[in-house]
Chemist: 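Okay, here's the structure, questions in a sec.
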Amino acid sequence: MFNRTLSMFSILTFNKRDYISLIDNIEKSKGYLSYIDSKKNQGHHNKRYNRYLELKTALYNFYPNHDYAKNNSIIFPVIEDKSISKDSINEYYKLYGVQDDYFVEYETIDGPGARVTKYTSIPNECKIYDTSLELDEHFERINRQCLSDEFVMRGHRRFTLLPFQPNLEGKNMESYVVANIYEVGIITLQLIIIFEHDKIPEVMDSPPREIKLKSVSFYKKLKEYKINDFWEKEVQKNISPDDILSYYENQLHELSKIPLKSNSKNRQLSWCFGDYELNKRIDHKDFVAQNKKLIACYLNNSVKEIMERHTESHIDSLLKEAEITRNRDFSYYVTPISSVMIFESSAFLEIAKDSLKESESLLKQEEVYEQELISVFNIQGLIAMLEYLRFYELSLIKKFFLTQILDDISQYSYKSLKEFNNLKEDLNFLKLKYDEDVLFYTEGSQKILYEKIIEKTNVENLLFKVESMIGSIRDDISNSREIEIRNNEVWILIISSILTITLGYTGLKAIVYDIFVNLPFIGQFIDQHPLRYTLVIWGLLVILMVWLNIKRLFVNKA
């Protein structure tokens, strides 16, 4: 068994003033599986959804549809939950029937003179629900182990949203959707899909991101959910993980009743390979060596044609450059495009065996021990994956902020001093809030991991580029302000000159009539034509003022 877990992140934004309203509206909507209030250290699960699962489980066991039940000579329809009536089960059966979306668990009971095997049909949603609650606890544990109280306890709420049920090649798959909502106006939407394979996938002609799922079942988009609403599904055919993320972005908009902004270019991929059966006898180092092209392909979202062109030394160099950590049963690689982690069966083998110790003999007798072992591997792989993806997600937030600033700069969004000061404030907030010394309350491996991811995802280069661009913006704004000030001075001088000349004519006239006409020798000539001399002197002053203003205008433009 080889499984491939896709984690795709989408980043949305909202007005940070709407943070409280947003999380309150989602809580009231009941459009989630669970959430943990970190501030109160209290977990919450959706009681309406839990009741829906109880009803569906009762229905599937009252009307068994699996081969085990059909082969039994006697079938006893029993409703174990006394709060559920037979009439309601019959009504649900008429409306919805029993679909092929369940798995079977069994228990063998030794009775007097007979051995009875009890088979229980369990809807797939029950497993997803239980695993979601377990993952929620591990999310919280990761946060509390290393992140600062200021970051965890305030301004952050994580919701595990209603799941979707994908189908590929006729097989139902596990899926999870997690929304991390931050009071700074950011939502990270994480989509998780587990693909199971009988063999290690080959490098394909299409990029790893180009996945088409045969059909995906969604709960209908509503603003609020009652118990019976969860029975209603809508199925979409041949859709991609990007389409699923778009669906949940719209779903969040419905639940939160708040305007949200998203951009598909802000979506980032991460992959987790679980090699749980095929290579138990080879060393992890050998597995990596044998599958270098596959790993490099997923790191760069590349295709077979391009990978075939790369030399072995080039691929070795790429993996070495992307490597975060590698030990005897685990590797983690990060590039600006994607990240890939790989687990060997040895990473969780002892944990899995211990968890199945009590039922080991029965499981082996029924020939499903390996299947149950792989199920434990899958859950442990998800938990271990979160240990790394939590910090990968935080690096994506920092990267998003910086990319957003660069986009705004390219659109000439910062033109005034006020806008520039807001930009500086945003950048300083980002550098402080997501700085490793502020984000982590203690030194340790998680902090080192975050620092390495920041380096590999090219965030530091983006920060350097943004700071360089900000320097250029500051110079541009200063130059623009100086030009604007000088232009204002020119217009002030022109207007004041015109006013001076216009109003000054009266003063010139008084000087000519009262002083110049009384001067010795020339006064008698001026007295003969006082108006003419007044106009000549006034005209000379006008010409002088116009010439000085034109000269100043050209000097300022130079």
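Side chains are part of it too, since the values below use all heavy atoms of this structure and drop only hydrogens, waters and symmetry mates.
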Chemist: Donor-acceptor pair, distance only, cut-off 3.5 Å: does the side chain of S317 make one with the backbone of S313?
Modeler: no

Chemist: Hey, does the side chain of N291 reach the backbone of F287 with a donor-acceptor pair shorter than 3.5 angstrom?
Modeler: yes

Chemist: Quick one, I187 and T13 - any side-chain contact, counting heavy atoms below 4.5 Å?
Modeler: no

Chemist: Hey, are E137 and R141 close enough for a salt bridge, meaning a charged N less than 4.0 Å from a carboxylate O?
Modeler: no

Chemist: When the ring centroid of F273 is compared with that of Y298, is the distance short of 6.0 Å?
Modeler: yes

Chemist: Are E224 and R48 ion-paired here, with the side-chain N under 4.0 Å from a carboxylate O?
Modeler: yes

Chemist: Within a strict 4.5 Å, meaning less than it, do heavy atoms of the Q251 and Y219 side chains meet?
Modeler: no

Chemist: Check this for me, if you would: do K292 and D316 make a salt bridge, where the nitrogen-to-carboxylate-oxygen distance has to be below 4.0 angstrom?
Modeler: yes

Chemist: Is there a side-chain contact between Y176 and P163 (heavy atoms, below 4.5 Å)?
Modeler: no

Chemist: Over all heavy atoms of both residues, which pair between R326 and V288 is shortest? Give the atoms and the distance, please.
Modeler: NH1-CG1, 3.7 Å

Chemist: Determine, for E140 against R158, whether the closest basic-nitrogen to carboxylate-oxygen distance falls under 4.0 angstrom.
Modeler: yes

Chemist: Under 4.0 Å between a Lys/Arg side-chain N and an Asp/Glu carboxylate O for K223 and E254?
Modeler: yes

Chemist: Other residues, nucleotides and ligands only: do more than 12 of their heavy atoms fall within 6.0 Å of NZ on K16?
Modeler: no

Chemist: Tell me, with the steps shown, if E249 and S10 meet side chain to side chain donor-acceptor pair (under 3.5 Å).
Modeler: CA-CA 9 Å; E249 288 173 353; S10 176; 2.4 Å; yes

Chemist: When you measure from the side chain of S395 to the backbone N and O of Y392, does any donor-acceptor pair fall under 3.5 Å?
Modeler: yes

Chemist: Roughly how far, to the nearest 0.5 Å, is the CD1 atom of I128 from the CG atom of L33?
Modeler: 8.5 Å

Chemist: Is the closest side-chain donor-acceptor distance between S215 and N167 under 3.5 Å?
Modeler: no

Chemist: Quick check: are there more than 12 heavy atoms from other residues, nucleotides or ligands sitting under 6.0 Å from CD of Q236?
Modeler: yes

Chemist: Looking at R390 and E393, is there a salt bridge between them, counting it only when a charged N and a carboxylate O are closer than 4.0 Å?
Modeler: yes

Chemist: Can any side-chain N or O of D18 pair as donor or acceptor with the backbone N or O of S21 at less than 3.5 Å?
Modeler: no

Chemist: Side chain of Y60, backbone of Q99: donor and acceptor closer than 3.5 Å?
Modeler: yes

Chemist: So, are K233 and E125 salt-bridged, with charged N and O less than 4.0 Å apart?
Modeler: yes

Chemist: Roughly how far apart are Y248 OH and L191 CG, rounded to 0.5 Å?
Modeler: 8.0 Å

Chemist: Give the minimum heavy-atom separation between I193 and F164, together with the two atoms involved.
Modeler: CG1-CZ, 3.7 Å

Chemist: Knowing that exactly one of L22, V177, I26 qualifies, which makes a side chain to side chain contact (heavy atoms under 4.5 Å, CB included) with L252?
Modeler: I26

Chemist: Please evaluate residues N25 and S256 with respect to the criterion side chain to side chain donor-acceptor pair (under 3.5 Å), reporting the C-alpha separation (whole Å), side-chain torsions for both, the decisive distance (0.1 Å), and the verdict.
Modeler: CA-CA 5 Å; N25 289 338; S256 67; over 6 Å; no

Chemist: Specify whether Y52 and F230 have parallel, tilted or perpendicular ring planes, treating 30° as the upper limit for parallel and 60° as the lower limit for perpendicular.
Modeler: tilted

Chemist: Can you tell if the side chain of I383 reaches within under 4.5 Å of the side chain of H138, non-hydrogen atoms only?
Modeler: yes

Chemist: Using 4.0 Å as the upper bound for N to carboxylate O, is an ion pair formed by D37 and R157?
Modeler: yes

Chemist: State whether the number of non-hydrogen atoms from other residues, nucleotides or ligands found under 6.0 Å of K221 atom NZ is greater than 12.
Modeler: yes

Chemist: Could you please spell out the steps behind the side chain to side chain donor-acceptor pair (under 3.5 Å) verdict for N50 and H45?
Modeler: CA-CA 8 Å; N50 187 58; H45 67 276; 4.7 Å; no

Chemist: Side-chain contact test, heavy atoms from C-beta onward, threshold under 4.5 Å: evaluate it for P241 versus L6 and give yes or no.
Modeler: yes

Chemist: I'd like to know whether L222 forms a side chain to side chain contact (heavy atoms under 4.5 Å, CB included) with Y225, so could you lay out the CA-CA distance, the side-chain angles of the two residues, the decisive distance to 0.1 Å, and finally the verdict.
Modeler: CA-CA 7 Å; L222 300 173; Y225 290 86; 3.8 Å; yes

Chemist: Give a yes or no answer on whether the side chain of R267 reaches the backbone of D242 with a donor-acceptor pair at less than 3.5 Å.
Modeler: yes

Chemist: Out of curiosity, L161 CG to L189 CG, how far, rounded to the nearest 0.5 Å?
Modeler: 6.5 Å

Chemist: Could you tell me the separation between the CE atom of M341 and the CD atom of E387, rounded to the nearest 0.5 Å?
Modeler: 10.0 Å

Chemist: Is it true that the NZ or CZ of K261 lies under 6.0 Å from the centre of F14's six-membered ring and within 45 degrees of the ring axis?
Modeler: no

Chemist: Would S7 and S270 count as having a side-chain donor-acceptor pair, cut-off 3.5 Å?
Modeler: no

Chemist: Are any side-chain N or O atoms of H253 and backbone N or O atoms of I258, one a donor and one an acceptor, separated by less than 3.5 Å?
Modeler: yes

Chemist: Who are the side-chain contact (heavy atoms from CB on, under 4.5 Å) partners of S355, not counting sequence neighbours?
Modeler: V376

Chemist: Less than 4.5 Å apart, side chain to side chain, heavy atoms only: is that true for K304 and M204?
Modeler: no

Chemist: Any luck finding a side-chain donor-acceptor pair between N3 and H197 under 3.5 Å?
Modeler: no

Chemist: Check step by step if side chain to side chain donor-acceptor pair (under 3.5 Å) holds for N378 and E196.
Modeler: CA-CA 10 Å; N378 286 341; E196 293 186 351; 3.3 Å; yes

Chemist: Any idea which heavy atoms bring E321 and K456 closest together, and the distance?
Modeler: O-NZ, 2.5 Å

Chemist: Between the side chain of D229 and the main-chain N/O of K226, is any donor-acceptor distance below 3.5 Å?
Modeler: yes

Chemist: For Y32, what residues pass the ring-ring contact (aromatic ring centres under 6.0 Å, His included) criterion, not counting sequence neighbours?
Modeler: Y35, F159

Chemist: Salt bridge check: are K293 and E312 linked by an N-O gap of less than 4.0 Å?
Modeler: no

Chemist: When F391 is tested against each of Y434, Y450, F440 for ring-ring contact (aromatic ring centres under 6.0 Å, His included), which residue passes?
Modeler: F440

Chemist: Any sub-3.5 Å donor-acceptor pair from S331's side-chain atoms to I342's backbone N or O?
Modeler: no

Chemist: Is the backbone of I337 close enough, under 3.5 Å, to the side chain of Q268 for a donor and an acceptor to pair up by distance?
Modeler: yes

Chemist: Between CG of L213 and CG of N238, what distance do you get to the nearest 0.5 Å?
Modeler: 9.0 Å

Chemist: Can you tell me how far the CG atom of N124 sits from the OG atom of S175, to the nearest 0.5 Å?
Modeler: 9.5 Å

Chemist: Using the side chain to side chain contact (heavy atoms under 4.5 Å, CB included) rule, take V216 and Q165 through it: C-alpha gap first, then chi angles, then the decisive distance, then the call.
Modeler: CA-CA 6 Å; V216 177; Q165 294 189 61; over 6 Å; no

Chemist: Grab the two heavy atoms, one from L299 and one from T335, that are nearest each other, plus how far apart they are.
Modeler: O-OG1, 2.9 Å

Chemist: Around atom OH of Y96, are there more than 12 heavy atoms from other residues, nucleotides or ligands closer than 6.0 Å?
Modeler: yes

Chemist: Please find the pair of heavy atoms, one from I122 and one from C126, that lie closest to each other, and give the distance.
Modeler: CG2-CB, 3.6 Å

Chemist: If you look at every heavy atom in G31 and N46, which pair is closest and at what distance?
Modeler: N-ND2, 4.4 Å

Chemist: Any salt bridge between K257 and D24, counting N to O under 4.0 Å?
Modeler: no

